[in-house]
Each structure stands twice: as C-alpha cells, then as structure tokens.
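Structure first, commentary second.
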Amino acid sequence: MSLNGARAGATTLARELGVILWGPDEIEPHLGKTSIRGLQNRPMVEEVGFPRLLANDDARVLIDKQTAGRFGIGKEQVVWSGEAWLPVSVVQLTLRKIGPFQRKAATSQAWCVYDLIGGAFVARLDEEPERTPVELDGPRLELVQKLTEPAKALQKTIDRWDKVTSDSAREKYRSEMSRLGIPDWHTATVGTSTPFLYPVHFAIANRNGSERVLVVDAFRRRLDDELSIEFSKHIATVRHSIVS
C-alpha cells in the first residue's frame, strides 16, 4: 500500500470511530499559517552546560592511580567507571570584602557551581559561564534538589553569620560559608540561579565489600576528593542513575 493510501485509510477509520486527526490542514484555520510554520520549524531543546575537557582515557588514569593502593596493599576493584553529567545550579554572587582594616566596601562578581544531588560546592568562577550546547556522551544523574535550593542554603548561612555575635558562632558560620565557596574575608549577596550540566567521570570502587564513589571533574581536569566523599554518601542515587 502506498503512503497516501495508508493515510487515506487511517483517515477513513478515524472518521468511522469519531476520532479527529489534527494535522496541519486541520489546525491552520484555528492558528493560521504563521503559527503552523512556527510549530513545524521549532528547534529541538538542547542540553546546555560546561564542556568536557578531559578525555575518558585520561580520567581512567586518574581513577586507576587512586585505586591502586600502595605497594600492592589496599588495592580497590573498580566495578563501574564511565562518563556522566551532573545537574548543577550556577549561582551568581556579589562578593564584598570585609575586615578590620577595610575602609571601603570592595565588591566583585563570582559564579558558584553547586550540584543538585546533595547541594555540594563544585567550583567558583570569576566569569559567567556560557550556556553552550553539550553532547550527552554519558548518563545524566537524576535531580534530587530544586534549582534554587543551594542558593537558599547559602543565603541562610550568610544571614546566620551576620546575626550572631559570639566568636565561636561566627567562626562556625564563617567555616560553613567557606565550604560553600565564599572566600575568606568576604561575605556575599546571593543572586540568580541558572541550570547547567557539569561533566564528570564517575567510578564505583570496592574493597572488601566496602564501596565508594570517585569523582573526576572533567571540566577542571582533576580528581575531586571532596566531591568523591560527598557522592559516596549518595552512592544509591549514583548507582540508580548510571548503572541501572
């Protein structure tokens, strides 16, 4: 049967069943030709993020070195390894320098990257990252946090640091601000949050039945010890996203 014959048969069957087939000819009287062209030519949604700057083989070298142990002792078995994409929130900050000898408020801009699994700090940038299309050459981890949650957590910490008066309390929140990417002798005004994808290379390593996650930052080209610790706490989420 020809394509036109198949279409005619489908139309006849639809009419017998009382079904309306909405094609361009049926929609045009309601929306007009301009709207139809817009729907037909609408571009596909592209994923945007940071470029992957570390090749898969180079990431495996870092993983192998980390799991080799010393003198053959403590060697771990890599049970899974591969490229993946981490959903992150890029938070715009206005940094303000503070200190006992700071006469004038010196400000600067920064963009902090936080993962949207556990809200961990990933990187701080001096320039706003470009939203460039990326090719998903590996699985994308499932979102756990909402886009604005890292910014809210940071703002809450800054507010608490600003309100407390005791040295111990200020030191506690100062340490938390540092963990979230605020440089020493600075505070910050929290701005907008923007979604990105961040390139990583994950590995799950096993030694004597104990597993951990190793995270290679494929944008900054290094194994990230702090992210490895953080994602080992969320190993079930990692396994579900990249192994299943």
Side-chain angles (χ1 to χ4, degrees), residues 48-50 85-131 140-200 202 212-220 222-238 240-241:
V48 296
F50 292 81
W85 291 88
L86 180 63
V88 297
S89 177
V90 176
V91 181
Q92 186 271 331
L93 302 176
T94 299
L95 299 175
R96 180 168 58 86
K97 205 165 187 180
I98 55 175
F101 304 106
Q102 192 70 32
R103 296 181 180 177
K104 184 167 139 179
T107 62
S108 59
Q109 299 295 305
W111 286 262
C112 280
V113 183
Y114 304 93
D115 87 82
L116 289 173
I117 308 301
F121 170 72
V122 177
R124 185 177 65 245
L125 310 170
D126 294 329
E127 296 182 356
E128 183 176 7
E130 294 183 6
R131 291 178 57 81
R140 168 181 175 163
L141 266 69
E142 296 180 4
L143 283 168
V144 174
Q145 293 192 355
K146 294 180 180 179
L147 175 66
T148 57
E149 283 189 60
K152 289 179 180 178
L154 176 58
Q155 185 64 64
K156 188 175 181 180
T157 299
I158 294 172
D159 290 343
R160 288 179 173 176
W161 173 83
D162 197 43
K163 290 178 181 178
V164 296
T165 56
S166 70
D167 290 341
S168 60
R170 288 183 69 83
E171 179 59 30
K172 171 186 174 181
Y173 292 117
R174 173 66 256 173
S175 177
E176 180 68 9
M177 287 165 62
S178 179
R179 187 183 70 81
L180 292 172
I182 305 299
D184 290 340
W185 301 107
H186 285 78
T187 185
T189 300
V190 180
T192 58
S193 300
T194 307
F196 275 80
L197 290 180
Y198 199 86
V200 293
F202 278 119
R212 66 171 177 145
V213 175
L214 298 173
V215 183
V216 175
D217 184 328
F219 175 67
R220 293 186 292 171
R222 67 185 184 90
L223 192 142
D224 193 313
D225 291 327
E226 293 186 5
L227 278 184
S228 297
I229 294 172
E230 282 296 320
F231 275 89
S232 292
K233 300 175 185 176
H234 303 281
I235 191 170
T237 300
V238 174
H240 176 74
S241 297

How about [X] and [Y]: do any of their side-chain heavy atoms sit closer than 4.5 Å?
X	Y	result
Ile117	Val238	no
Asp224	Val216	no
Cys112	Val90	no

To the nearest 0.5 Å, what is the distance between [atom1] ([X]) and [atom2] ([Y])?
X	Y	atom1	atom2	value
Asp115	Ser89	CG	OG	10.0 Å
Asp162	Thr157	CG	OG1	12.5 Å
Arg124	Tyr114	CZ	OH	9.0 Å
Phe202	Ser228	CZ	OG	8.5 Å
Arg170	Met177	CZ	CE	9.0 Å
Gln109	Thr189	CD	OG1	9.0 Å

Sole residue of Val88, Val91, Leu86 in side-chain contact (heavy atoms from CB on, under 4.5 Å) with Val113: Val88
Of all the heavy-atom pairs spanning [X] and [Y], show the shortest one and how long it is.
X	Y	result
Glu127	Trp111	C-CE3, 3.5 Å
Pro195	Arg131	O-NH1, 2.6 Å
Glu130	Phe196	O-CE2, 3.4 Å
Ser193	Leu147	O-CD2, 3.7 Å

Any residue meeting ring-ring contact (aromatic ring centres under 6.0 Å, His included) with Tyr198, in chain and number order, not counting sequence neighbours: Phe50, Phe219
Arg96 backbone acceptor or donor facing Thr107 side chain under 3.5 Å: no
Criterion side-chain contact (heavy atoms from CB on, under 4.5 Å) on Val200 and Leu141, from CA distance to verdict: CA-CA 11 Å; Val200 293; Leu141 266 69; 5.7 Å; no
From CA spacing to verdict: side-chain contact (heavy atoms from CB on, under 4.5 Å), Arg179, Phe121: CA-CA 7 Å; Arg179 187 183 70 81; Phe121 170 72; over 6 Å; no
Pairs satisfying side chain to side chain donor-acceptor pair (under 3.5 Å), at least one member in residues 142-153, at least two apart: Glu142-His240
Val190 vs Leu93, side-chain contact (heavy atoms from CB on, under 4.5 Å): CA-CA, chis, key distance, verdict: CA-CA 5 Å; Val190 180; Leu93 302 176; 4.0 Å; yes
